[in-house]
Every structure is written in C-alpha cells, then in structure tokens.
Amino acid sequence: MLRVDFGVLGEICAWAGGQAIELGPARQRSVLAVLLAKVNQPVSLDQLTDCVWGESPPQRPTVTLQSYLSRLRTSLPAAWDGGIRRSGGGYLLRADESAVDLHRFLDLRNRARQSDDATAARLYEQALDLWRGEPFADLDTSWAREQRHALQGERLAARLAYHDVRLRRGGHAELLGALESLAAEHPLDERLAAQLILALYRSGRQGEAFRRYERIRKRLAADLGVDPGSDLRLLHHQMLTAGVAPASGETAPAPAPAAAVVVPRQLPAPPPVFVGRPRELATLDAALTGDGTDRVAMISAIGGYGGIGKTWLALYWAHRHVAGFPDGQIYLDLRGFDARNAPMPVETALRLLLGALGAAPAAVPQRQEEQAALYRSLTAGKRLLIVLDNARDTAQVVPLLPGTPSCTVLVTSRNQLPGLIAGHDARHVPLDVLDAAEAHRLLRHHLGSERVEAAPEAVAALVERCAGLPLALSIIAARALMSPRLPLASLAEELREESTRLDALDAGELSADLRTVFAASYRALEPEAARLFRLLALHPGPDIASPAAASLMGADVRRPMAGLVRAHLVTELAPGRFALHDLLRDYAAEQAYADGEAERDAALRRLLDHYLHTAHAAALLFYPNRRAIELTEPPAPGAVRVALRDHQQAAGWLAAESQALLWAVRRAADAGLTTHAWQLAWSLADFLNRQGRWQDILATQQAALEVARDKGDLTAQCRALQTIARTHLRLSRYDDARAHLDLALDLSTRLGDPALQARANHSLTMVFSAQERHGEALAHAERALELYRGLGDKSSTADILNSVGWEHAALGHHREAIDHCEQAVALYESLGDPYGRAAALDSLGYAHHRSGDHDQAVRRYRQAVRLFREAGDHMEEVTCLVNLGDTHRSAGDEAAARQAWRAGLDVLDEIDRPGDDPVRTRLLTRLGLPGDR
C-alpha cells in the first residue's frame with residue numbers, strides 16, 4: 001500500500017512517493033490539521049467547527065465541513081491504506097502515527113526521555129530535525145495559534161533536554177553557538193542560562209561564564225524582582241569553588257536547573273474525610289502519567305451541583321501527588337459562581353498567579369496579553385501543579401494555562417467547559433453524587449461506627465434526604481457531632497420540613513435540598529455564632545480577617561468564629577483569615593434579613609470604618625510626606641482599627657487587604673456613603689501607584705467620583721478628578737488628563753479651596769510640560785506656587801519651585817530658572833529630602849547649561865548624580881550623566897564628555913537594561929558606538 005506522510009511542524013503539507021499533495025484552501029487545511037492533531041481519535045463536528053472557525057462559524061458549518069472533508073478524501077491517494085471516516089457524531093483520520101511529524105516528534109521525545117544518553121542524543125536529534133518552522137504556520141485561527149504556542153513550548157523543552165544530554169557527554173564546545181542564540185530569545189530562562197554558563201566554563205571561558213551569571217541575576221532582579229533559583233545559585237557556587245566536574249568521563253547529570261525562582265505551597269488543607277471517587281481519581285492519575293499531550297485536567301459536576309465535592313476531589317488528588325511537583329503548587333479560587341461578587345477578572349487572576357511565582361508587583365505589565373506572556377515564561381519547564389477552582393467559563397481559564405506540558409492544571413467548574421475540552425485536550429472528569437454506600441461510609445467516618453449502627457433507619461433516611469451531596473452530608477454530620485445527645489432520628493425528621501430550595505447560583509445547577517441542610521446546621525449554633533454567620537454575608541471580599549469580622553460584629557469574634565469553623569460553615573484559610581463557601585454565603589445573606597435593615601446598615605458602617613481608618617493610617621505610614629486628608633468622623637463604636645507601627649507593617653496590611661479594600665470602595669459607593677468612598681480611594685492611591693496598578697486606581701476613583709456626583713459633594717469630586725487625571729498622565733493620556741483637571745480646577749475655584757486649586761494647577765503644569773507647552777505650564781506652576789506658599793505647604797512648595805525653574809529654563813529665562821531651582825534645593829535640604837534635592841539639582845544644572853555657565857552646570861549635575869546613586873534611582877543617575885556629558889561637550893572638553901557617557905553605559909550594563917533602551921541609544925549615539933555594543 002502507498003504511504004502518505006503528513007506535516008504540521010511548519011506549513012500543513014502531505015506527500016506520497018516523493019510528490020507533494022495539493023490540500024486546498026486554508027479552511028480545508030485547518031480541518032485536516034485538527035484531524036492530524038488527533039489522529040486515530042474521533043473528532044466531533046462541534047469540535048471541528050470550534051477549532052476551524054472559533055466564535056464566528058458560517059451559517060451552515062456542518063455542510064461546509066462535509067464539503068471540505070469530501071475534497072480532502074479526493075485529494076488523498078486512493079492507494080493509501082489510511083483514510084478519513086465517519087465515527088459516531090464526527091470524523092476520524094486513520095493513519096500510522098509515525099506518518100505525522102507531530103506524533104513522530106512526541107514519540108521520539110518520549111523514547112529519548114527513557115533512554116541512555118547515547119541513544120537519547122540520537123533520538124532528540126531526529127525529533128528536532130522534524131521541525132520545518134512554526135507549527136501550523138499557514139493557519140491563522142485561534143485554535144492554530146493556541147496549538148502553535150503550546151508546541152513551541154514542547155520544542156523548547158526538547159531542545160533543553162537535548163542540551164542536558166550533550167553536556168553530560170562533553171559536547172559543550174559544539175553547543176555554544178546554539179546556546180548563545182537560544183539564550184538571546186529566552187533571556188529569563190534559568191535552565192537555559194545554566195546550560196550556557198556551564199558550556200562556557202567547560203570551554204575555558206570562565207570569566208565569561210561568571211559575567212553571564214551576573215547578567216541573568218541582574219536581569220531577573222530588574223524585570224521580575226526575584227533572585228536566581230537554588231540550582232543556578234548552586235552552579236555559581238560550584239564554579240567559585242572549582243566544584244564543576246570536567247566534561248570528560250562525566251556520568252552524573254550536569255547541574256542544568258529547572259527549579260522555580262519561588263516554590264509556592266498554596267494548597268489548602270486536604271479534606272479531613274474523603275470517600276469514594278475511585279474512577280475519578282484513576283482518570284486524574286492517567287492524565288498525570290500520560291504522554292504529556294494532555295496535562296490539563298478538568299473536574300466538573302454532572303448537572304452542575306453546588307457542593308458536590310469538586311474542590312474536595314481536586315485537593316485530595318493534589319495532596320496525594322505533591323511530591324511529583326517539586327517546583328510548587330498554586331491554588332486560586334476564580335469565584336465563577338460567587339453570588340455576591342463578579343467572577344475574578346483574568347487580569348486579577350494573572351496578577352495573583354504571577355505573585356505566587358515571585359514576580360514583584362511593579363514588574364507585572366499593565367496589559368493582559370503581556371501578563372499572560374510573563375506567566376508562561378515563569379512557568380516554562382517547571383513541574384508545577386496549578387489548581388484553578390470555581391471557574392466561570394473557558395474564557396476565564398484559557399489565559400491562565402501555562403504554555404508547556406510540564407505543568408499540570410486542575411480546573412473545577414459547575415459548567416462542563418466544552419471549549420477547554422475541544423481546544424486544549426482537557427480531561428473531562430464528570431462528578432456525580434455519592435452512591436448510598438459511599439454516603440453511608442462518609443457518615444460513618446464522621447460519626448463513628450457505634451452511633452451509626454445504633455440508628456440504621458435514621459442513617460438511611462439521612463443518606464436519602466441528603467441526596468448523596470457531600471457538603472450536605474458533612475454539614476448534617478457536624479450538627480450531630482456538636483449535639484452528641486441529639487438522636488439521629490430527630491435530625492432525619494428535621495430534614496422532612498417543608499422549605500424552598502436555595503436559589504441557584506447559576507440556572508439549573510442546584511438539585512439538592514441545601515437550604516434545609518443549612519438550616520439544620522444553622523439552628524444548632526449558639527446565638528452569637530449564628531449572628532456572626534449572618535453578618536459575614538455583608539462582607540464584600542472573598543475572605544475576611546479577624547479584625548474585619550470583629551468590626552462586623554462590634555465585638556470579639558474568637559469564640560463564635562471557632563463555632564462556625566467546627567460546624568463546617570466557615571473555612572479557616574490561614575491563621576486569623578476565614579472564608580464562606582459561596583452557597584453558604586447565599587444562605588447567610590438570606591438569614592441576614594432577619595436582623596432588619598438598621599442592624600445590617602450599622603454592621604456595614606462598622607466594617608467600612610474599620611477599612612477606612614486602618615487604610616488611612618497605613619497610607620500615612622506608607623508615604624509620610626504626602627499631604628494628608630483628615631477623616632471627618634471617628635470610627636463607629638465597635639469598629640476595629642488595626643494598630644500599624646511602621647512602613648513595613650502598613651505595606652503588608654495594604655497588600656493583604658487590597659482586594660477587600662477595592663471591594664469596600666465599590667460597596668461604599670453603592671451604599672451612597674460618599675465620604676467613605678472617596679477617602680478609602682484616597683487611602684489606597686499611593687499603594688496602588690507604587691505597585692503600578694493604574695487600572696485599580698482608575699476604578700476606585702471613578703466609583704468615588706460617581707457617588708460624589710450623585711450626592712453633590714464637590715470636594716470629593718475634585719479629589720477624585722485630580723487622582724484620575726494624574727493616573728492618565730502616567731499612562732501618557734494627556735487629553736484625558738487635561739479634561740479631568742479642567743473640571744477639577746473649575747470645582748476647586750467654585751469651592752474656594754486653595755489646596756485643591758494648587759494641586760490642580762500643579763497637575764496641569766505636568767501635563768503641559770509633558771506636551772512641551774512650556775508657556776502654559778509655567779503659568780499654572782506660578783499659580784500653584786502662590787497657593788502652596790499661602791498654605792504653608794513646604795514639601796509641595798519645593799516641588800513646584802523646581803517645576804517653575806524647569807519651565808523658565810525651557811523658555812530661556814535663565815536668571816529666573818536658576819533662582820527658583822536654588823530655592824527648591826535649599827527648601828528640600830531643610831526638609832531632609834535628598835531625592836527631591838537631587839531632582840532640583842538636575843534642573844539647576846539644566847538651567848546653568850542653558851545659560852552658558854558650564855562650570856556651574858557640571859558641579860550641579862555631579863551633585864545630582866551622587867544623590868540619585870545614593871537613593872538607588874539608577875535611571876535618573878544615568879539621565880544626569882547624559883546631561884553632564886552634554887555639558888562637557890558644550891564646554892569643549894570632549895574627553896570629560898566621553899568619560900561621563902561611558903560611566904552612564906556602565907551603570908546601564910550594571911542594572912542590565914535592555915539593548916533597545918532609549919537612554920542607552922542616546923549614549924551610544926553620542927559615543928559613536930554601534931547599537932549592539
């Protein structure tokens with residue numbers, strides 16, 4: 001029979017007997033590509049439609065697909081022993097897997113992993129030689145792009161594994177060129193960096209090996225805010241102590257690390273009692289031990305029951321396999337079906353995942369696509385377990401999937417997520433209720449054999465009326481344990497009471513009588529625990545700390561909270577931090593109405609006072625030089641203000657409570673509490689600004705602005721407008737910034753508030769200066785200076801004096817520029833603000849340079865360089881060195897100019913700024929050096 005070979009590791013192609021086969025247009029090739037990716041497996045029409053067209057299928061996709069399939073059959077030789085056939089509700093391409101380059105690549109790679117080094121090297125070479133370019137290169141569909149990204153990760157992993165083998169066999173010299181090229185493409189890959197460093201060291205280039213280590217160490221610190229991982233540090237130590245073995249005769253594996261920079265251990269505790277689920281556990285085990293092409297596992301419940309045990313199954317399985325994930329385990333609740341809050345935005349989820357992997361908040365990009373790319377880079381090649389709990393839909397999950405199969409992902413959802421199955425080869429693990437025997441065994445585990453065997457009829461009734469729902473069984477067992485003298489028959493009788501079902505979080509997902517079960521547990525609580533349970537539903541965040549819970553109650557919560565934890569109505573995530581399951585939160589919210597509107601309003605006010613007064617204190621510690629607002633009202637009786645001692649504690653509290661604080665701003669706005677909304681937003685602004693969370697600043701300030709407008713609060717409107725404007729300025733949205741500032745200036749003038757007028761004029765100065773409209777900038781700066789001086793605000797006066805001087809210098813008013821900048825320098829010095837003094841000295845140097853006094857300019861620039869260096873602001877240090885060199889050149893001292901510029905380049909090299917940095921480009925241009933220096 002004639003053999004037909006297929007290729008997807010490049011453009012889609014097929015050939016027989018050395019002759020290429022015409023495969024038709026792109027959509028037709030897409031159909032073939034999907035069938036080749038799943039060769040010898042049936043692919044449904046729905047899957048084909050989703051992969052070929054995504055969200056924009058034609059009106060009659062089935063007809064179009066059948067047309068493509070018919071043409072493909074005609075294109076393929078009649079003498080071929082394979083073919084495209086109907087299979088169930090879809091189609092199957094039958095072929096020898098070795099005839100498809102993708103599957104041959106995976107087979108060769110898997111065989112290489114299990115072979116000795118000599119055989120593995122040969123197999124890896126054969127596997128990598130199959131690649132002709134980007135996989136699915138001629139297809140531009142969302143499915144093809146996702147497959148392309150995943151397979152490129154597979155290729156990189158195979159190349160790195162091949163390098164390990166070659167390094168163990170002494171091939172360091174031959175590998176150097178390939179390692180250099182690949183390292184340039186993946187500058188943050190620690191495993192690749194270690195391979196290159198090791199190859200350099202063994203090739204006699206020890207000095208370059210050490211420089212390479214320093215380069216990636218600085219790059220990791222600058223871009224991600226982390227240190228090298230333990231294996232890379234070990235390799236460095238071995239080089240320092242001559243502990244790297246020579247290549248010849250080497251038998252031990254070379255230290256080519258794949259360890260994570262941070263090893264997260266985030267899994268919540270496993271379920272204390274777990275029964276049944278042998279089939280589901282076996283399916284997950286099979287996914288883990290498969291060939292690496294299907295490492296995304298999804299757990300969903302048949303019918304979408306809430307409380308059916310999706311999370312328990314995920315955690316139970318995860319804890320059994322912790323040893324298989326040495327680079328860490330990450331857990332994230334996506335809140336897909338939270339009745340009180342919207343599903344977690346993808347951007348928030350990515351920030352949390354990046355934080356778990358050690359990325360500094362300031363290093364996280366603003367755009368979601370860039371966040372996802374950084375996330376894939378940090379997870380590449382690592383053995384991580386990632387549990388994504390309570391997903392809303394496929395769209396929420398896909399950006400959170402790593403790009404290489406070394407990571408295993410568990411996703412739980414009340415939806416079946418067909419897009420995840422079709423587009424990402426997820427394993428579907430349908431989860432049904434426990435059968436009667438398993439439910440009986442669960443109660444026996446909870447209650448003990450003696451008590452269960454003493455009341456067989458009551459136990460049978462409990463099993464029946466809990467409908468096999470694990471959460472219901474656990475709650476009723478907790479009730480029985482809390483009341484050991486209460487007959488089980490009484491509990492069974494209580495479950496007979498007529499009631500309505502708990503409102504479904506999503507249509508059609510609730511099928512168990514959970515309200516009755518919750519009521520049985522709730523009625524067994526002590527009065528204070530029951531009250532706390534009701535009030536917890538008012539909290540805006542996904543979890544709550546003890547001080548916030550105490551503020552809700554207006555009293556100590558240690559005893560009632562312990563009662564809720566024992567009753568399984570609250571989960572203690574960490575010491576002093578608690579969460580309600582989403583269904584229990586729904587039930588608690590219903591019960592809260594029994595307290596009356598006045599009680600609920602008072603509790604919410606105490607909670608918001610807790611967040612406002614603690615956040616305000618934290619803001620003042622976080623940024624002591626900021627002009628503070630005064631809180632107009634004391635906290636309500638019973639509201640707890642957390643005592644924070646220093647900057648570190650303030651930053652820690654703000655970080656821990658940042659999500660709850662964001663929700664608190666929105667909750668205050670929704671409740672019409674204008675003062676709470678804008679003062680909370682003010683208290684968060686500096687913390688969010690330092691973290692580069694511009695979108696969160698805009699969201700909180702916009703919420704404050706809306707409620708302030710509704711209530712006619714002009715002062716609150718003015719403050720929100722100004723913060724929104726400054727955020728737009730940081731994002732270079734000058735028109736938006738000016739529009740908001742014009743409104744703020746108008747409002748502050750109507751109010752007659754000089755502080756708000758000064759701030760608005762100051763901000764307008766920055767906007768016009770950024771647009772190089774220096775005349776308008778100067779007018780606003782001088783008005784702001786007049787107002788700040790009238791207020792006695794020395795810190796702001798120093799800032800604006802510097803701005804006035806700069807604008808004068810830009811306009812050629814040299815005497816006025818020097819005078820104002822010198823005043824700023826003196827005032828900053830009296831305030832003990834070396835950073836502000838450095839900025840003013842830089843402006844003063846600029847003014848002297850523009851006036852032709854080069855000696856004074858050089859002196860001031862040198863002072864600024866020293867202060868910026870001491871403050872650790874190396875980019876401002878480099879900018880000053882550029883200006884210093886320019887001044888030397890203007891004075892005719894070319895040697896001194898080149899010395900300053902070279903010093904700037906040295907600083908950039910030291911902090912490992914990227915080669916295309918605009919400041920680096922300016923320096924290279926001045927020195928007449930090539931751009932790839």
Side-chain angles (χ1 to χ4, degrees), residues 608-609 611-620 622-633 654 661-662 664-690 693-731 733 736-767 780 783-784 787-788 790-793 795-797 799-800:
L608 293 176
D609 278 351
Y611 282 129
L612 173 58
H613 285 266
T614 308
H616 180 259
L620 299 184
F622 190 77
Y623 189 6
N625 290 330
R626 184 181 184 187
R627 184 177 177 85
I629 61 169
E630 292 186 9
L631 301 186
T632 53
E633 298 180 17
L654 287 166
L661 287 165
L662 294 175
V665 175
R666 183 72 260 177
R667 179 63 67 89
D670 290 342
L673 299 173
T674 309
T675 302
H676 283 79
W678 80 260
Q679 290 182 344
L680 272 167
W682 180 94
S683 299
L684 272 172
D686 281 325
F687 172 75
L688 296 174
N689 181 55
R690 293 282 182 92
R693 294 166 62 176
W694 318 123
Q695 298 307 319
D696 285 337
I697 295 176
L698 291 175
T700 53
Q701 296 294 333
Q702 191 63 40
L705 178 59
E706 289 170 4
V707 69
R709 282 173 171 164
D710 288 343
K711 298 293 184 179
D713 189 330
L714 300 185
T715 299
Q717 290 179 53
C718 192
R719 289 187 178 277
L721 285 165
Q722 291 188 2
T723 306
I724 291 171
R726 289 208 175 196
T727 306
H728 282 309
L729 176 59
R730 284 188 173 275
L731 297 170
R733 301 170 182 169
D736 290 335
R738 185 178 171 190
H740 284 82
L741 286 171
D742 286 344
L743 290 173
L745 186 56
D746 177 64
L747 287 176
S748 62
T749 303
R750 288 162 56 190
L751 286 166
D753 187 322
L756 293 177
Q757 292 176 53
R759 182 174 172 82
N761 279 284
H762 196 162
S763 298
L764 282 165
T765 300
M766 293 187 286
V767 173
H780 285 286
R783 176 57 179 153
L787 291 164
Y788 281 138
L791 292 165
D793 184 344
S795 178
S796 298
T797 298
D799 291 340
I800 201 64

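The side-chain heavy atoms of R759 and R719, taken from C-beta on, include no pair separated by under 4.5 Å. L698 is listed as a side-chain neighbour of H728, based on a closest heavy-atom distance under 4.5 Å. In this structure the side chain of H762 reaches within 4.5 angstrom of the side chain of D799, judged on heavy atoms. Between L705 and R709 there is a side-chain heavy-atom pair separated by less than 4.5 Å. The shortest distance between side-chain heavy atoms of I800 and N761 does not fall below 4.5 Å. Taking the side chain as every heavy atom from C-beta outward, H740 and L743 never approach each other to under 4.5 Å.
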Steps toward side-chain contact (heavy atoms from CB on, under 4.5 Å) verdict (L756, L747): CA-CA 9 Å; L756 293 177; L747 287 176; over 6 Å; no
Worked check of side-chain contact (heavy atoms from CB on, under 4.5 Å) between D609 and H676: CA-CA 8 Å; D609 278 351; H676 283 79; 2.6 Å; yes
When you look at L680 and T700, which way does the side-chain contact (heavy atoms from CB on, under 4.5 Å) test go after all the steps? CA-CA 9 Å; L680 272 167; T700 53; over 6 Å; no
Output, in order, the C-alpha distance, side-chain angles, deciding distance and verdict of side-chain contact (heavy atoms from CB on, under 4.5 Å) for D742 and L764. CA-CA 8 Å; D742 286 344; L764 282 165; 4.1 Å; yes
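Note that CG of L741 is 10.0 Å distant from OG of S748, once rounded to the nearest 0.5 Å. To the nearest 0.5 Å, atom CG of residue L620 and atom OG of residue S683 are 7.5 Å apart. Atoms CG and CG, on L661 and L608 in that order, are 10.5 Å from each other to the nearest 0.5 Å. The distance from the CG atom of L631 to the NE2 atom of H616 is 4.0 Å, given to the nearest 0.5 Å. Expressed to the nearest 0.5 Å, how far CG of D713 lies from OG1 of T674 amounts to 6.0 Å. A distance of 9.0 Å separates CG of L612 from OG1 of T675, quoted to the nearest 0.5 Å.
Nearest heavy atoms, A703 versus A669: O-CB, 3.8 Å. Nearest heavy atoms, A685 versus Q701: CB-NE2, 4.2 Å. Residues Q717 and G712 approach most closely at NE2-C, 4.0 Å, considering heavy atoms. In plain terms, the two heavy atoms of A681 and V665 that are nearest each other are N-CG2, 4.1 Å. In terms of heavy atoms, A744 sits closest to Q722 at CB-CG, 3.6 Å. Between V707 and A677, the shortest heavy-atom distance links the atoms CG1-CB, 3.8 Å.
A salt bridge links D696 and R693; the closest N-O separation between the charged side-chain nitrogens and carboxylate oxygens is under 4.0 Å.
In this structure, the side chain to side chain donor-acceptor pair (under 3.5 Å) partners of S796, at least two apart in sequence or on a different chain, are D793.
Residue pairs satisfying the salt bridge (Lys or Arg N to Asp or Glu O under 4.0 Å) criterion with at least one member in residues 670-684, sequence neighbours excluded, are listed as follows: R666-D670.
Side chain of T723 to backbone of A720: no donor-acceptor contact under 3.5 angstrom is found.
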